[in-house]
Chemist: 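I'd like to ask some things about the structure below.
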Amino acid sequence: MNISSVAQTPPDYLSVLNPEQKEAVIHAGSPLLILAGAGSGKTRVITTKIAYLIGKLGYDPRSILAVTFTKKAANEMAERARRLEPRAQYTQIRTFHSFGAWFLRLFAEEAGIDPHFTVYDEDDMVTLLTRAKPGLLRKDAAEAVHYISRVKDYCLAADADDFSPLDVPERFQELYLLYDKKLRETGNVDFGDLIMLPVRLLSTNTQIRSMMFERFKVIMIDEYQDSNVAQFHLLQQLAGPETYICVVGDDDQSIYSFRGAEVENILTFQDHFAGTQIIRLERNYRSVEPILNTAGQVISCNTERLGKTLRAQREGGAKPVLAFLPNQEDEAAYCAELITRSHEKGCPYADWAVLYRTNAQSLSFETEFLHRKIPYTVVGSLKFYEREEIKDLLAFLKFLVNQKDDVAFLRIINKPARGIGSTTQEKITAHFTALEQNTQFSGGVHQGYLEACRTLLSVLPKRARTGVSEFVAIIDDLLALLPAGDNGAENVLAEVLAHDAEYPRLQSNESQECLSVFIQKIAERSGLLEYYKAADEIAQTQRIANIEELVKSADLYPLSLSGLLEFLDHIELDRILESETDSEKDAVTFITLHNTKGLEFPRVIITGLEAGIFPRADKHDRSLEEERRLFYVGITRARDELYLTSCNTRRLYGRTEFLYPSLFLYDIPLTAIRIIGNAPKSFLAGTRSQSGNHSVSQPHPLAGRWVKGSRIYHDEYGYGWIIKGECVENEYVITIQFENGSSKKFMPAYQSNSLTLIMEE
């Protein structure tokens, strides 16, 4: 096949693009930053550009690497690119972590890990750390694991000299070193390793780096505003002198700093890649004009942005509604009534989404909607792969491919119960450690925990010996069912330089046994199937149905070691999954603002718009700008109708508190919205100019809680009341008149432990 032959005329798919989209697609040469506003058709641009690079510019599809953040987005991108250009099926379209796993499978030995590694999630990491540090409380281990994940987002190894990007706890490095040593002993990796280890290997091994330069001539990154520091370093290491780089993102939608996302990556992209051209996609095809104008007014108040102005392609539409309500019960009733009336007129429940800042806010809505028998689905429930029965089966799969997996072994050795107690488990663990040390000294290898179990049998008490023998027999039987000798990466050079060969033929697995058969046999032979059948009968649960779902999900994978590893990678790397509820039914969606990213709904209600709730009271400066971006994301989810709600009082931490409207509402001109309910006088007058924009400083988030006239108790000075609240250099300061005649100033952000608000009945 002559892959260099290309079309001589522009492909038909360019004719459906607007001028800015077409400019982005046909751009070549210098680095490109596509600033793609909400609803501007960025997926169309990315997929069309892949097709154009192959069909018009003559790039080998295997030399193109396209990276995004979720499996769903990668699958959609791949499918749409294939429809435009069939040869795009050979393009590497992956998530960041999927690419890291692919890379590490090829270079496992150089990276110092087992080629059959599995990926530890956060729960596994906590378990591993408690194993590495006996006596460490699980809650303390969870805190340390949180910081380990975060410092890996900054590409900082356990032996780093400086962890200053984060304010890590005392003795953090000690725990990080213990965890890292234990993790390396298992041969496995965690999520942070999937990016950090490739970065370290590429930066120190020039041969491997040259191989990557040779393989990938084009690198495209979607949702670039969500990338972290480690992912930025990975891009730097993969980009050779001749590599064409194109990143797509929206600085106004960077809302994941708590996951490590660094908005500076997109803001400073042109500083790191010389000659960068910026193309702005500003035509919005999603929202009606009044909604889009509201979003624009809000986000324009941020200062850290590259700047763009979205233009609605849908004319008409109603103004967004801002409803002021007495309390959260009235808020829930208002939303329920609004949705009920629209449903009576023929609007599906599924057209509606209720958005909130934190999951805890959903309770009043759930109570009200249950009472009114309005169907709803809560996004963010327990995820499928986090369920006990699923994690048990996955632990068996992980142990079968890596018998040094400490976490998997300890999960399954006595489940279902086989009489192998903690004392016996400790003996096996100690024996495993001794075997590991002996083989390291002698330069040999051993089979991990399975070998430790075998060689320890003769000295175990009878009951424990019976249980361990049974476990060994189960593992031996299952290993016998798994074809050996297939590691999926036997010829590293051929895999890396795949574009030197002709296109491979698509292989069918029709004649090969599926992995699902193997997982079904694991469920049966391990005893888990009978164990959870009994649990279902007692508790009326659906655990067997979940096991059957896992079995079915493996239908597309061959029964081989590489098929099993691919299946595990798919599960572990795609952690953003649908909730328990049925997304197919006609139901209102309850969802946090963070979870709405990438979604859209005909009708959206954003609730809880009060100072201290949204934005939260602890948000200032850069973090406050991210909160505003979060509000912008919520607004731009709405296609046809937008409603905003703000309560006068809300029960917080067991007491009722009086609240001010969110400062974000002051970003919106009064002329742009329709107000219903009793709006505070301070909101309607005194804080705005005639043009509708705020003319004096907006209320501090803490002002909604520490209100003038509120009764106060201080541990040292006794009872008093707030006589003044003011902002001093971005800090909220209150003046309290005490009953003893004295008056004092306090900063409640830092002194709330000694101050108590007394709510009047």
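Atoms considered below: every heavy atom in the structure, side chains included; atoms not considered: hydrogens, waters and symmetry mates.
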Chemist: Is Asp140 paired with Lys133 through a side-chain N to carboxylate O contact shorter than 4.0 Å?
Modeler: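 Answer for the salt bridge query: no.
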
Chemist: Do Asp250 and Arg629 sit within salt-bridge range, that is, some charged N less than 4.0 Å from a carboxylate O?
Modeler: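 Salt bridge: no.
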
Chemist: Looking only at atom types and distance, does a side-chain atom of Ser98 sit under 3.5 Å from a main-chain N or O of Thr95, one as donor and one as acceptor?
Modeler: no

Chemist: I'd like to know whether Leu410 forms a side-chain contact (heavy atoms from CB on, under 4.5 Å) with Thr429, so could you lay out the CA-CA distance, the side-chain angles of the two residues, the decisive distance to 0.1 Å, and finally the verdict.
Modeler: CA-CA 9 Å; Leu410 291 173; Thr429 301; 4.3 Å; yes

Chemist: Between Glu76 and Arg80 (salt bridge meaning N to carboxylate O under 4.0 Å), is one present in this structure?
Modeler: yes

Chemist: So do the side chains of Met125 and Ile148 get within less than 4.5 Å of each other, counting heavy atoms only?
Modeler: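 Heavy-atom side-chain distance check passes, below 4.5 Å.
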
Chemist: Taking Asn402 for its side chain and Thr186 for its backbone only, find out whether a donor-acceptor pair lies under 3.5 Å.
Modeler: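 Flag set: sc Asn402 to bb Thr186 pair under 3.5 Å.
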
Chemist: Decide yes or no on side-chain contact (heavy atoms from CB on, under 4.5 Å) for Arg105 and Phe117, but give the supporting numbers first.
Modeler: CA-CA 8 Å; Arg105 294 238 181 262; Phe117 68 81; 3.4 Å; yes

Chemist: Counting C-beta onward and ignoring hydrogens, is there a side-chain heavy-atom pair between Tyr59 and Val218 closer than 4.5 Å?
Modeler: yes

Chemist: Is there side-chain contact between Leu394 and Ile571, with at least one heavy-atom pair below 4.5 Å?
Modeler: yes

Chemist: Measuring only between side-chain heavy atoms, which start at C-beta, is Arg215 closer than 4.5 Å to Gln92?
Modeler: yes

Chemist: First locate atom CD of Gln277, then atom SG of Cys246, and finally report the distance between them rounded to the nearest 0.5 Å.
Modeler: 10.5 Å

Chemist: Could you go through Asp405 and Arg411, starting from their C-alpha distance and side-chain angles, then the distance that decides it, and tell me whether this counts as salt bridge (charged side-chain N to carboxylate O under 4.0 Å, His left out)?
Modeler: CA-CA 10 Å; Asp405 191 328; Arg411 187 175 185 98; over 6 Å; no

Chemist: Check whether any side-chain heavy atom of Phe567 sits under 4.5 Å from a side-chain heavy atom of Leu550, and report yes or no.
Modeler: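 SC-SC contact between Phe567 and Leu550 confirmed.
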
Chemist: Are any side-chain N or O atoms of Lys49 and backbone N or O atoms of Ala24, one a donor and one an acceptor, separated by less than 3.5 Å?
Modeler: yes

Chemist: Considering residues at least two apart in sequence or located in another chain, which fulfil the ring-ring contact (aromatic ring centres under 6.0 Å, His included) criterion with Phe213?
Modeler: none

Chemist: What distance do Met77 atom CE and Asp222 atom CG have between them, rounded to the nearest 0.5 Å?
Modeler: 4.5 Å

Chemist: Can you tell whether the side chains of Asp226 and Arg259 come within less than 4.0 Å, N to carboxylate O?
Modeler: no

Chemist: How far apart are the closest heavy atoms of Asp124 and Asp121, and which atoms are they?
Modeler: N-OD1, 2.9 Å

Chemist: Test your reading of the model: is there a side-chain donor-acceptor pair from Thr276 to the backbone of Phe273, 3.5 Å cut-off?
Modeler: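 Yes, the answer is positive, given that a donor and an acceptor are paired below the 3.5 Å cut-off.
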
Chemist: Do you know the tightest heavy-atom contact between Ala239 and Ile245?
Modeler: CB-CD1, 3.4 Å

Chemist: What pair of heavy atoms forms the shortest contact from Glu85 to Ala51, and how long is it?
Modeler: CB-CB, 3.6 Å

Chemist: Testing the 3.5 Å rule here: is there a donor-acceptor pair between the side chains of Ser227 and Asn265?
Modeler: yes

Chemist: Examine the side chains of His27 and Tyr244 and answer whether a donor and an acceptor come within less than 3.5 Å of each other.
Modeler: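 His27 vs Tyr244: donor-acceptor pair found between side chains.
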
Chemist: Pick out which of Leu202, Thr204, Leu238 makes a side chain to side chain contact (heavy atoms under 4.5 Å, CB included) with Arg209.
Modeler: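 For Arg209, the side chain to side chain contact (heavy atoms under 4.5 Å, CB included) check succeeds only for Leu202.
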
Chemist: Taking Ala73's backbone N and O only, do any of them form a donor-acceptor pair with Thr70's side chain (distance below 3.5 Å, no angle check)?
Modeler: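 Flag set: sc Thr70 to bb Ala73 pair under 3.5 Å.
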
Chemist: In terms of the angle between their ring planes, are His570 and Tyr557 parallel, tilted or perpendicular, with boundaries placed at 30° and 60°?
Modeler: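 Answer is tilted, since the angle falls between 30° and 60°.
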
Chemist: I'd like to know whether the aromatic ring centres of Phe232 and His272 sit less than 6.0 Å apart in this structure.
Modeler: yes

Chemist: I need the minimum non-hydrogen distance between Ala141 and Thr130, along with the two atoms involved.
Modeler: CB-CG2, 3.7 Å

Chemist: Got a salt bridge between Asp193 and Arg184, using NZ or NE/NH1/NH2 to carboxylate O under 4.0 Å?
Modeler: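 Arg184 and Asp193: salt-bridged.
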
Chemist: Decide yes or no on salt bridge (charged side-chain N to carboxylate O under 4.0 Å, His left out) for Arg82 and Glu79, but give the supporting numbers first.
Modeler: CA-CA 5 Å; Arg82 282 195 295 266; Glu79 177 58 31; 3.2 Å; yes

Chemist: Please lay out, stage by stage, how Lys217 and Glu242 fare under the test side-chain contact (heavy atoms from CB on, under 4.5 Å).
Modeler: CA-CA 7 Å; Lys217 305 298 185 182; Glu242 305 300 322; over 6 Å; no

Chemist: Is it true that a side-chain atom of Asn228 and a backbone atom of Ala230 form a donor plus acceptor pair closer than 3.5 Å?
Modeler: yes

Chemist: Would you mind reporting whether Asp190 and Tyr179 have side-chain heavy atoms less than 4.5 Å apart?
Modeler: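 Sidechains of Asp190 and Tyr179: in contact.
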
Chemist: Is it true that a side-chain atom of Thr268 and a backbone atom of Asp271 form a donor plus acceptor pair closer than 3.5 Å?
Modeler: no

Chemist: When you check the gap from the basic side-chain N to the acidic O, do Glu174 and Arg171 get nearer than 4.0 Å?
Modeler: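 Yes.
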
Chemist: Considering all heavy atoms of both residues, which atom of Ala108 and which atom of Pro115 are nearest to each other, and what is their separation?
Modeler: CB-CA, 3.5 Å

Chemist: Are the side chain of Asp251 and the backbone N or O of Leu306 linked by a donor-acceptor pair below 3.5 Å?
Modeler: yes

Chemist: Applying side-chain contact (heavy atoms from CB on, under 4.5 Å), run through Leu482 and Leu478 and close with a yes or a no.
Modeler: CA-CA 7 Å; Leu482 187 64; Leu478 294 174; over 6 Å; no

Chemist: I'd like to know if the side chain of Tyr256 and the backbone of His594 have a donor-acceptor N/O pair within less than 3.5 Å.
Modeler: yes

Chemist: Does the side chain of Leu194 reach to within under 4.5 Å of the side chain of Val189, using non-hydrogen atoms?
Modeler: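 SC-SC contact between Leu194 and Val189 confirmed.
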
Chemist: Salt bridge check, Glu625 against Arg305: does any charged N sit closer than 4.0 Å to a carboxylate O?
Modeler: no

Chemist: Is it true that a side-chain atom of Arg280 and a backbone atom of Gly307 form a donor plus acceptor pair closer than 3.5 Å?
Modeler: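 Yes; at least one donor-acceptor contact below 3.5 Å.
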
Chemist: Quick one: do Lys181 and Glu185 satisfy salt bridge (charged side-chain N to carboxylate O under 4.0 Å, His left out)? Show the steps, please.
Modeler: CA-CA 6 Å; Lys181 182 175 183 294; Glu185 288 175 357; 2.8 Å; yes

Chemist: Does Glu304 pair with Arg622 as a salt bridge, N-O distance under 4.0 Å?
Modeler: yes

Chemist: For the pair Arg131 and Asp406, find out whether any cationic side-chain nitrogen is under 4.0 Å from an anionic carboxylate oxygen.
Modeler: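 Looking at Asp406 together with Arg131, the answer is yes, because their closest N to O distance falls below 4.0 Å.
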
Chemist: What's the separation between atom CZ in Phe103 and atom CZ in Arg94, rounded to the nearest 0.5 Å?
Modeler: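 Atom-to-atom, Phe103:CZ and Arg94:CZ are 12.5 Å apart.
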
Chemist: Do Tyr176 and Asp159 have side-chain atoms, one donor and one acceptor, less than 3.5 Å apart?
Modeler: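 Judged by distance alone, the side chains do not pair up.
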
Chemist: Looking only at side-chain N and O atoms, does Asn188 offer a donor or acceptor that is under 3.5 Å from a partner on Tyr120?
Modeler: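 On atom types as modelled, these side chains qualify, holding a pair under 3.5 Å.
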
Chemist: Do NZ/NE/NH1/NH2 and the carboxylate oxygens of Arg387 and Asp392 come within less than 4.0 Å?
Modeler: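 Between Asp392 and Arg387 there is no salt bridge, as every charged N stays at least 4.0 Å from the carboxylate O atoms.
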
Chemist: Show the numbers, then the answer: is there a side-chain hydrogen bond (donor to acceptor under 3.5 Å, both in side chains) between Gln237 and Ser203?
Modeler: CA-CA 7 Å; Gln237 294 297 328; Ser203 64; 5.0 Å; no

Chemist: List the atom of Leu104, the atom of Ala111, and the distance in Å for their closest heavy-atom pair.
Modeler: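 That would be CD2-CB, 3.8 Å.
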
Chemist: Do Lys42 and Glu223 touch side chain to side chain, with heavy atoms closer than 4.5 Å?
Modeler: yes

Chemist: Please report the C-alpha distance between Glu436 and Lys404 in whole Å, then the side-chain angles of each, then the deciding distance to 0.1 Å, and finally whether the salt bridge (charged side-chain N to carboxylate O under 4.0 Å, His left out) criterion is met.
Modeler: CA-CA 10 Å; Glu436 183 77 7; Lys404 294 183 181 181; 3.7 Å; yes

